[in-house]
Number of protein chains: 2
Amino acid sequence: MGSAALKKLRQQRLQAVLAKNPFLTDENLAEQFEVSIQTIRLDRMAMGISELRERTRYMAENAQKKLQAIASDDIVGELIDLEIGVSGISMMTVNKEMVLQKTGVCRGQYMFAQANSLALAVIDAPAALTGVANVKYKIPVYSGAVLVARAEVVRKQEDKYTIWVKIRNNRKEVFRAKFLIVSLPEERNQENENRG
Amino acid sequence: MGSAALKKLRQQRLQAVLAKNPFLTDENLAEQFEVSIQTIRLDRMAMGISELRERTRYMAENAQKKLQAIASDDIVGELIDLEIGVSGISMMTVNKEMVLQKTGVCRGQYMFAQANSLALAVIDAPAALTGVANVKYKIPVYSGAVLVARAEVVRKQEDKYTIWVKIRNNRKEVFRAKFLIVSLPEERNQENENRG
DNA sequence: CAACTGTTATGACTAGGTACTAAAAGTAGG
DNA sequence: CCTACTTTTAGTACCTAGTCATAACAGTTG
């Protein structure tokens, strides 16, 4: 094998190693690959891989954003259209972190979350709670699917709303849910407590 | 005001500022607080706050772990007990990232996720899919609540399971769901595709 | 005034690099 | 075998964002 081929192989391995563990210094990598630090640096240059500190900073910022996106966004998916009190549409792309390891099928909770949060967004109220949900999964969905959810208010009685949400992937209906949601008049806010 | 009091105030503000934005150098902080870099360093020493690079690294590692915990765990919550094909118990603590900003109430999707993943875990099958779910939220749950979910298989007909899941907080039932789950015989794995 | 706390300054050192130059080592082609 | 070329290694100066230790101020108080 020529040294040019060895070089390419090493650079690819370097990329793979850093993808798995980005917290490695050039010195660590030099030991691991049994070459000099300079070679590692040339390889990083060639592959456009930034230095340890930048990698770490990027990871910290990025993971932070992702966490916030997952945890603190009240709407799961991207809100495309919203007519308050009437209907709403949101979009969500299934990625490989959202699927079950065994089957590769998207976990039901993600579709549920998209549907439920869209239903809550449609309600014309300062605060609302899900009371009852009837859910049906029609077709399994895999990584890469672009899910379009459409929510419609079908009935409103005083503070109780009935909302239908249908999720389509590639125009086929994959999920359907009926939510009974109660809107809160902002009075009873946190009288409830959660003791041990 | 004595300078000792000023010092304490500055140190507390320092801690607060770094809690909000950990990506600040001592130089940045010195400008912001209109003191010298050395003062900032003495303050960090006094408060036991590590340097920028360590803070960044800690955040990167920690957020990474959290992301993995949220995204790639198939079971939401901690599995306490499991009798395959019969019943299972899991525990989950509601934290402040899991509640709606407006009301402080835990988002329904988390309870749904806990219940659904527990139900899937109980099934004695290599792979299973949720078909239908009937869900009822009985009492709103707030941050700090320790949710105990108990799943029970109430019927089994061929590959179709009916599973009841009840979630209690402090012995009061806050959530209840019935799942109809279909177990897959591992044959039809990924014949479905997701185009566009 | 001396003692003390708080703040700032200074110098020497560190990790983990960048940017650049130079040299050695390996690998062909003629 | 010698030359041309690529690859690898070495070494220097410099950078950031610190560390640690020492010293010198400033302001207050007993």
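Below, chain A is the first sequence line, B the second, and so on; all start at residue 1. What you are looking at is a predicted structure, and each value in this text was computed from that prediction instead of being measured.
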**Prompt:** Where do B:Leu118 and B:Gly88 come nearest, in terms of heavy atoms and distance?
**Reply:** CD2-O, 3.6 Å

**Request:** Starting from P on C:dG6, measure out to CZ on B:Phe33 and report it in whole angstrom.
**Result:** 17 Å

**Request:** For B:Leu6 and D:dG27, give me the distance from atom CG to atom P, rounded to whole Å.
**Result:** 13 Å

**Message:** Just N and O in the side chain of A:Thr39: are any of them under 4.0 Å from OP1 or OP2 of D:dT8?
**Reply:** no

**Asked** Can you tell me how far P of C:dA15 sits from CD1 of A:Ile40, to the nearest Å?
**Response** 19 Å

**Prompt:** C:dT27 P sits how many Å from A:Lys7 NZ, rounded?
**Reply:** 14 Å

**Gap between atoms NZ and C1', on A:Lys8 and D:dT6 respectively (whole Å)** = 14 Å

Grab the N/O contacts between the protein and nucleotides 16-20 of chain C below 3.5 Å, and write none if there aren't any.
from, atom 1, to, atom 2, distance (Å)
C:dG16, O4', A:Arg53, NH2, 2.8
C:dG16, N2, A:Arg53, NH1, 3.4
C:dG16, N3, A:Arg53, NH1, 3.1
C:dG17, OP1, A:Leu52, N, 2.9
C:dG17, OP2, A:Asp26, N, 2.8
C:dG17, O5', A:Asp26, OD2, 3.4
C:dT18, OP1, A:Arg44, NH1, 3.3
C:dT18, OP1, A:Arg44, NH2, 3.4
C:dT18, OP2, A:Arg44, NH2, 3.0

**Item:** Greater than 12 external heavy atoms within 6.0 Å of A:Glu78's CD
**Value:** no

**Message:** Classify B:Ile37 by what it touches in the nucleic acid, base, sugar-phosphate, or nothing, heavy-atom distance under 4.0 Å.
**Reply:** nothing

Going by atom type alone, with no hydrogens or angles, which donor-acceptor pairs under 3.5 Å involve a side-chain atom of residues 26-35 of chain B and a protein atom two or more places apart or on another chain?
from, atom 1, to, atom 2, distance (Å)
B:Asp26, OD1, B:Arg44, NE, 2.9
B:Asp26, OD2, B:Arg41, NE, 2.8
B:Asp26, OD2, B:Arg44, NH2, 2.8
B:Asn28, OD1, B:Thr25, N, 3.2
B:Asn28, OD1, B:Thr25, OG1, 3.1

**Request:** May I have the distance from B:Leu18 (atom CG) to D:dA17 (atom P), rounded to whole angstrom?
**Result:** 14 Å

**Asked** Is the phosphate of D:dT8, meaning OP1 or OP2, less than 4.0 Å from a side-chain N or O of A:Arg10?
**Response** yes

**Asked** Is atom CZ of A:Phe23 surrounded by more than 12 heavy atoms (other residues, nucleotides or ligands) closer than 6.0 Å?
**Response** yes

**Message:** Tell me the interatomic distance from B:Asp43, atom CG, to C:dT7, atom P, rounded to whole angstroms.
**Reply:** 7 Å

**Message:** Between B:Gln109 and A:Ser117, do the side chains contain a donor N or O and an acceptor N or O under 3.5 Å apart?
**Reply:** no

**Request:** Fit a plane to each ring of B:Phe175 and B:Tyr137, take the angle between them on a 0 to 90° scale, and name the class: parallel (under 30°), tilted (30 to 60°) or perpendicular (over 60°).
**Result:** perpendicular

